[in-house]
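Here's the structure we're looking at; comments come further down.
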Amino acid sequence: MEPLALYIHWPFCAAKCPYCDFNSHVRDRVDEARFRAALRRELAYEAALIGRRPLASIFFGGGTPSLMAPETVAVLIEDASAFFDPLPDIEITLEANPTSVEAAKLSAFRQAGVNRASLGVQSLNAEALGFLGRKHDVAQAIAALEAARGIFPRLSFDLIYARPGQQEASWRAELREALALAADHLSLYQLTIEPGTQFETLYRRGAFALPPEDDAARLYLATAEEAARFGLQAYEISNYAKPGAESRHNLAYWRYGDYLGIGAGSHQRVLRDGRIQASRRHRAPEEWLRLVEAQGHAAVECETLSPQEVGREAMLMGLRLTEGIDPSRIEARAALSFAEVIDPAMLTACLEENYLLWSENNRLCATDEGLLRLDSMLPLLLR
């Protein structure tokens, strides 16, 4: 069996960022003891269905999982280690914001078993942090990066680019400052306007404008150049890492491995009886809690994916990777021939336009130009 990746969702935040469309919620009070018990119960329920599996990674995401008590993190790691067989080099990641309150808990999270931190820095520009609605300032971000570097064996941080009025020179300077501080891993996100967010309302009112597409592309390409100065190479469309520091958990998604999701709104894909089983939990935290307490889980959508659906999903994820996709793996996971997944005529056209290429080890990869056009290219490429 393939190793399993486990995702645990903590849906609460201290405040809702104006750009965020994640399943995150602000509450005056959270009964952590009840939510901890429910997470443990849902994990036990799913583990009983899946059976013992090698466990390659655990990822605490959100929301803001660093708002959890370290004791909650510790007991969930203990449960997962009892239900599954952790690999000797298991990766255990926790997302944290660099506020002083959360940064003060980093050592306790390390003692709980976390060995990789992912900090939501988002920017090292004071004006940008205010615009993005972040609750930390530049000094707190720098302090958190320095502290985390001394606590965790592995460290990642997030940055948001293509902000209003952002210039290439200032972006390069910001990147250099951030990369010099800490990390062996960088996650980079282009600012986009997501439905239902505060930014959508403001954007429609004309309160701000985003950079033109060509300017955003230049910022993206500049990122790769600056990251390379510090030994980080792009291994996925939005992620850069030093060799060996790639996120093993996220690679499970992009390589279309088996992953289990616990907590409100989480998703999963697990191979059972030769077919990929997909499910999703209820998004609302209180309703998720009620369902888990009543029946042991809060899955509201469960289905067996068709071979065509598996092939499409595997392609959509795999072409984001610099390493590309192995057609034989797609065929094994989907139980389809590669020609049944991808349109041969469109494949030929994309190869001729230098948006795709075949590597020396017979993997299909997106070129730099192809990565910039991936979202528009994939619907035409896939059957």
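Note that the numbering runs from 1 along the sequence shown for the chain.
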Please determine whether a side-chain nitrogen of the Lys or Arg among [X] and [Y] lies less than 4.0 Å from a carboxylate oxygen of the Asp or Glu.
| X | Y | value |
| --- | --- | --- |
| Glu293 | Arg34 | yes |
| Arg373 | Glu369 | yes |
| Glu287 | Arg290 | yes |
| Glu323 | Arg255 | yes |

Closest heavy-atom pair and its distance - [X], [Y]:
| X | Y | answer |
| --- | --- | --- |
| Gly63 | Glu95 | O-OE1, 4.4 Å |
| Ala14 | Leu67 | N-CD1, 3.7 Å |
| Glu42 | Ala299 | OE2-N, 4.4 Å |
| Ala298 | Trp288 | CB-CD1, 3.2 Å |
| Ala56 | Pro3 | CB-CB, 3.7 Å |

[Y] versus [X], side-chain donor and acceptor atoms under 3.5 Å:
| X | Y | result |
| --- | --- | --- |
| Tyr253 | His267 | no |
| Gln268 | Ser266 | no |
| Thr72 | Arg36 | yes |
| Ser328 | Asp326 | yes |
| Glu226 | Trp171 | no |
| Glu91 | Ser57 | no |
| Thr99 | Gln140 | no |

Could you tell me whether the side chain of [X] and the main chain of [Y] form a donor-acceptor pair under 3.5 Å?
| X | Y | value |
| --- | --- | --- |
| Lys16 | Thr197 | no |
| Asp21 | Glu194 | no |
| Arg149 | Leu181 | yes |
| Gln166 | Pro164 | no |
| Ser123 | Asn125 | yes |
| Arg154 | Ala245 | yes |
| Arg53 | Ala47 | no |
| Glu200 | Ile193 | no |
| Gln277 | Cys302 | no |
| Glu309 | Ser306 | yes |

Measuring from [X]:[atom1] to [Y]:[atom2], what's the distance to the nearest 0.5 Å?
| X | Y | atom1 | atom2 | value |
| --- | --- | --- | --- | --- |
| Thr322 | Leu371 | OG1 | CG | 6.5 Å |
| Arg280 | Asn23 | CZ | CG | 9.0 Å |
| Phe83 | Ile50 | CZ | CD1 | 11.0 Å |

Subject >> Test side chain to side chain contact (heavy atoms under 4.5 Å, CB included) applied to Phe60 and Leu76, step by step >> reply: CA-CA 10 Å; Phe60 291 90; Leu76 288 166; 3.9 Å; yes

Original post:
Do Arg116 and Ser247 come close enough that some side-chain heavy atom pair is under 4.5 Å?
Top reply: yes

Subject >> Side-chain heavy atoms of Cys13 within contact of Ser24, under 4.5 Å >> reply: yes

Partner set under ring-ring contact (aromatic ring centres under 6.0 Å, His included) for [X], not counting sequence neighbours:
| X | result |
| --- | --- |
| His282 | none |
| Tyr7 | His9 |
| Phe59 | His249 |

**OP:** Show your working on side chain to side chain donor-acceptor pair (under 3.5 Å) between Asn97 and Arg134 and close with a plain yes or no.
**Re:** CA-CA 9 Å; Asn97 284 329; Arg134 304 299 289 169; 2.7 Å; yes

Original post:
Pick from His185, Glu246, Arg320: which one makes a side chain to side chain donor-acceptor pair (under 3.5 Å) with Tyr235?
Top reply: His185

**OP:** Please report the C-alpha distance between Phe208 and Tyr203 in whole Å, then the side-chain angles of each, then the deciding distance to 0.1 Å, and finally whether the ring-ring contact (aromatic ring centres under 6.0 Å, His included) criterion is met.
**Re:** CA-CA 6 Å; Phe208 65 88; Tyr203 185 76; 5.7 Å; yes

Original post:
What do the steps show when you test Asp158 against Val121 for side chain to side chain contact (heavy atoms under 4.5 Å, CB included), and what is the final call?
Top reply: CA-CA 6 Å; Asp158 300 346; Val121 173; over 6 Å; no

**OP:** Evaluate the ring planes of Trp10 and Phe35, with Trp represented by its six-membered ring, and classify them as parallel (under 30°), tilted (30 to 60°) or perpendicular (over 60°).
**Re:** perpendicular

**OP:** Determine the interplanar angle of the Tyr19 and Phe199 rings, folded into 0 to 90°, and report it as parallel if under 30°, tilted if 30 to 60°, perpendicular if over 60°.
**Re:** tilted

Side-chain donor-acceptor distances from residues 338-347 under 3.5 Å, at least two apart:
unit_1 : atom_1 : unit_2 : atom_2 : d
Glu340 : OE1    : Ser337 : N      : 2.9
Glu340 : OE1    : Ser337 : OG     : 3.1
Asp343 : OD1    : Ala345 : N      : 2.9
Asp343 : OD1    : Met346 : N      : 3.1

Original post:
Between Trp254 and Tyr256, does the ring centroid distance fall short of 6.0 Å?
Top reply: no

Subject >> From CA spacing to verdict: side chain to side chain donor-acceptor pair (under 3.5 Å), Ser170, Gln167 >> reply: CA-CA 6 Å; Ser170 62; Gln167 301 298 311; over 6 Å; no

Subject >> Phe230, CZ atom: more than 12 neighbouring heavy atoms under 6.0 Å >> reply: yes

**OP:** Any pair with a residue in residues 75-86 that passes side-chain hydrogen bond (donor to acceptor under 3.5 Å, both in side chains), sequence neighbours left out, goes on the list, sorted by first then second residue, please.
**Re:** Arg40-Asp79, Arg52-Asp85

Subject >> ring pair (Phe, Tyr, Trp, His ring centres under 6.0 Å) partners of residues 289-334, not counting sequence neighbours, each pair once >> reply: Tyr45-His297

**OP:** Go through Thr367 and Asn354 one step at a time and tell me if the side chain to side chain donor-acceptor pair (under 3.5 Å) criterion holds.
**Re:** CA-CA 7 Å; Thr367 64; Asn354 196 37; 4.7 Å; no

Subject >> Criterion side chain to side chain contact (heavy atoms under 4.5 Å, CB included) on Phe109 and Glu102, from CA distance to verdict >> reply: CA-CA 10 Å; Phe109 287 127; Glu102 294 168 62; over 6 Å; no

Subject >> Option passing salt bridge (Lys or Arg N to Asp or Glu O under 4.0 Å) with Asp258 (candidates Arg272, Arg269, Arg333) >> reply: Arg333

**OP:** Would you check, one step at a time, whether the test side chain to side chain contact (heavy atoms under 4.5 Å, CB included) holds for Phe152 with Thr93?
**Re:** CA-CA 10 Å; Phe152 296 96; Thr93 303; over 6 Å; no

